[in-house]
Amino acid sequence: MASRGENIFSAREAVTGAIVAALEKLDIRADEGSIMLERPNDPSHGDLSCNIALVTAKKIGTNPRELAARLVEGLELDESFIDKVEIAGPGFINFSFSDRYLTGQVAAINKLGDSYGNSNLGEGIKMQVEFVSANPTGPLVIVSARAAGIGASLVHILKKAGYTVEAEYYLNDAGSQVRKLGASMMVRFRQRLGEDVEFPEDGYPGQYLIDLAVEIPEDEGRGWIKKGGDEAVKAFGDYTLDKMIAWIKSDLEGFGVEFDVFFRESALHARGAEIEEVLALYRDKGSVYEEEGAVWFRSTDYGDEKDRVLVRSDGTPTYFLADAAYHLNKFRRGFDKVIDIFGPDHHGHIARLKASAAVFGAPDDWLTVLTVQWVRLIEDGKQVKMSKRAGEFETLADLLTDVGEDAAKFFFLMRKMSAHLDFNLTLARKESDENPVYYLQYAHARICSVISYAQGEGVDFPEDSSCVELLTEPEEKELIRNLVIFPQLIEGAATSCEPHRLTTYGQQLAGSFHRFYHICRIVSSDTRLSEARLMLASATRIVLSETLRLLGVSAPERM
RNA sequence: GCGCCCGUAGCUCAGCUGGAUAGAGCACCAGCCUCCGGAGCUGGGUGUCGGAGGUUCGAAUCCUCUCGGGCGUGCCA
């Protein structure tokens, strides 16, 4: 058992342990995993609620309230953190934290600082999160921006939960898209020279290629054209690709999103090892057959809805084969778990990728594929029209200049990723109280300001933290209760891969701080109380700034 | 046709993996600054949780069916 009062888990674990022991006294077997402790919605129901009596009563032929009563009788709890146990409703057993435990947390958070909420949940587990991975054929658009915000936040959260995490971007720098890119660019260049050439039907029509074509040194471009045919297209393609990749990287950097690895598909083809190996592995398993001159993967054996082509009848590998090889490469790199965050247009790939992972022997839960849904931009209550075909779209860079990094990230993270997002540009632009991102940032800035004001008035952090026992007002307790659930929130957000939980939490925490601030004057003539409230404000600042950091949003000291 | 996602307050959405009386923000109305930051606080809600069945002590949450909306369903990537 952890030392008493040190953190929320000691209390939870102690209660769980006590319940298991009490069950044993009644000859009921239970493992700790089956004991659910939940936080009731209604504060009058205590801090932790257990439904074990409701779940178990029928099996042993009694009614829940009676079983609950017998359990409570057998409970042996440390009174330093639980001071009330009640049976309520149909048979819930409710536990309330003691004041001593709660106020002790304030001192503990101040002592732990930014490491408060760190977990060992993912200890020893090596994880990879792959996200964005947009084709390098144009600038990053708004869905990619959403994926970038979500992926980056998820990486931060997983790290805080103790996982070892690498962030990766898969660059599709091979295949027909790149040829189209090269062909498009070659036409733009020739148009720039004044030639009357028609733009290809399936080319990339955006203004950005016209702009880029201007930057190509004329002699060099003419030289590429002279190569003729595929060679010429390739020369323009290679040039454009480099520009695009640099552009994408700088956009991401501007958005404060970092990747450990940019993995190129072309490297996979150049090396060939994984691609050959995937084919060989599939053959060994009998999962491959030939039909109409192409090589097929019998992915239907693994739950896919139809079989997939691996090698075309012209002998070239498909995108899917490369992707399967890429995942084999990830597997070989020793990741215990891999998370792919896909855009909404890729969810057809999930089944076949999982199928291929099964073939190369990855455990069922090795690969998790999450999909980020579309973003609609709303301006003045109306949808902003975007047409990718016409090359008109809101890019990540546009969004950043429009609403700024913090508001963009916060808005992306307010909703669960599986839901479509209506991005309210009008609201995100506002630097006012209507904009939710400022609510959290303002709370943080306010605390920083108060702390320095207090220190100016001679109130500072005490050596002896026993003053925290003076924190007894309802607003103080509500604030502390919100601080205390932070570690659990981190674990929940990590295991469910749901960064948006932090935005909801942040708003709740900021709200409880503002209410506390309004009712309880921090700096007063009562020095000891002032010190206690200073510590509470400081603990709040620590948790707020961690929450904002995990979201990728700045925590300003002034605004 | 088949597969995946979404339907919760006027609008945009949470709802902690099945819990107790379903919650925020925005918008709207009315209050609160001689005092640590008013980008703040307080008060104001009659919701078919899209609909119908089912599972059980208990369902917005799980299952089946159904109605709307989005996406996918290439020897494109």
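No experiment lies behind these values; they were computed from the predicted model shown. Just so it is clear: chains get the letters A, B, ... in the order the sequence lines come, proteins before strands, and each one is counted from 1.
Taking a 4.0 Å limit (strictly below) on heavy-atom distances, residues 310-319 of chain A reaches RNA chain B at A:R312, A:S313, A:Y319. Using a 4.0 Å cutoff on non-hydrogen atoms, the parts of residues 347-356 of chain A near RNA chain B are A:H347, A:G348, A:H349, ordered by number.
Counting heavy-atom neighbours within 6.0 Å of A:D242 CG, excluding the residue itself, gives a total above 12.
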side-chain contact (heavy atoms from CB on, under 4.5 Å) between A:Y442 and A:H514, worked out: CA-CA 10 Å; A:Y442 181 72; A:H514 287 309; 3.5 Å; yes
Could you run down nucleotides 13-23 of chain B 5' to 3' and tag each one B, S or - for protein heavy-atom contact under 4.0 Å? SSSBB-BB---
B/S/- contact track for nucleotides 37-44 of chain B, protein heavy atom under 4.0 Å: BSBBSS--
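Residue-to-nucleotide proximity on RNA chain B shows that, of A:K306 and A:F516, the 5′-proximal contact is made by A:F516. Ranked by how close their nearest RNA chain B nucleotide is to the 5' end, A:W374 and A:S418 are led by A:S418.
With sequence neighbours excluded, the residues forming a ring-ring contact (aromatic ring centres under 6.0 Å, His included) with A:Y170 are A:Y326, listed by chain and number. Listed by chain and residue number, A:Y169, A:F259 satisfy the ring-ring contact (aromatic ring centres under 6.0 Å, His included) test with A:F262 (two or more places apart in sequence, or in another chain). Under the rule for a side chain to side chain donor-acceptor pair (under 3.5 Å), the partners of A:D422 that lie at least two apart in sequence or sit in another chain are A:R376. Residues satisfying the side chain to side chain donor-acceptor pair (under 3.5 Å) test with A:S44, not counting sequence neighbours, are A:D42. With sequence neighbours left out, A:F486 forms a ring-ring contact (aromatic ring centres under 6.0 Å, His included) with A:Y116, A:Y505.
Base pairing of B:rC71: its partner is B:rG3, meeting the Watson-Crick or G-U wobble criterion (both donor-acceptor distances under 3.5 Å). Remark: B:rA59 base-pairs with no nucleotide; criterion is Watson-Crick or G-U wobble with both hydrogen-bond distances under 3.5 Å. The partner of B:rC35 is absent, by the rule that a Watson-Crick or G-U pair needs both atom distances under 3.5 Å. Applying the Watson-Crick and G-U wobble criteria (two distances, each under 3.5 Å), B:rC49 pairs with nothing in any strand. Base pairing analysis places B:rU12 opposite B:rA24; the two distances defining the Watson-Crick or G-U wobble pair are each below 3.5 Å.
Counting only residues at least two apart or in different chains, salt bridge (Lys or Arg N to Asp or Glu O under 4.0 Å) contacts with residues 438-460 of chain A are absent. Residue pairs satisfying the side-chain hydrogen bond (donor to acceptor under 3.5 Å, both in side chains) criterion with at least one member in residues 344-357 of chain A, sequence neighbours excluded, are absent. Listed by first and then second residue, the side-chain hydrogen bond (donor to acceptor under 3.5 Å, both in side chains) pairs involving residues 131-143 of chain A are A:E130-A:S133 (not counting sequence neighbours).
Counting any heavy atom pair closer than 4.0 Å across all strands shown, A:P64 reaches no nucleic acid atom.
In this structure, a donor-acceptor pair under 3.5 Å is absent between the side chains of A:Q373 and A:R415.
Remark: the separation of the C1' atoms in B:rA22 and B:rC13 is 14 Å, to the nearest Å. Straight-line distance between the P atoms of B:rC62 and B:rC5: roughly 10 Å, to the nearest whole Å. For the C1' atom pair drawn from B:rU12 and B:rG47, the interatomic distance equals 16 Å after rounding to whole Å.
Side-chain contact between A:I52 and A:L23 is present, with at least one heavy-atom pair separated by less than 4.5 Å. Side-chain contact between A:W374 and A:V143 is present, with at least one heavy-atom pair separated by less than 4.5 Å.
With salt bridges taken as basic N to acidic carboxylate O contacts below 4.0 Å, one links A:D402 and A:R429.
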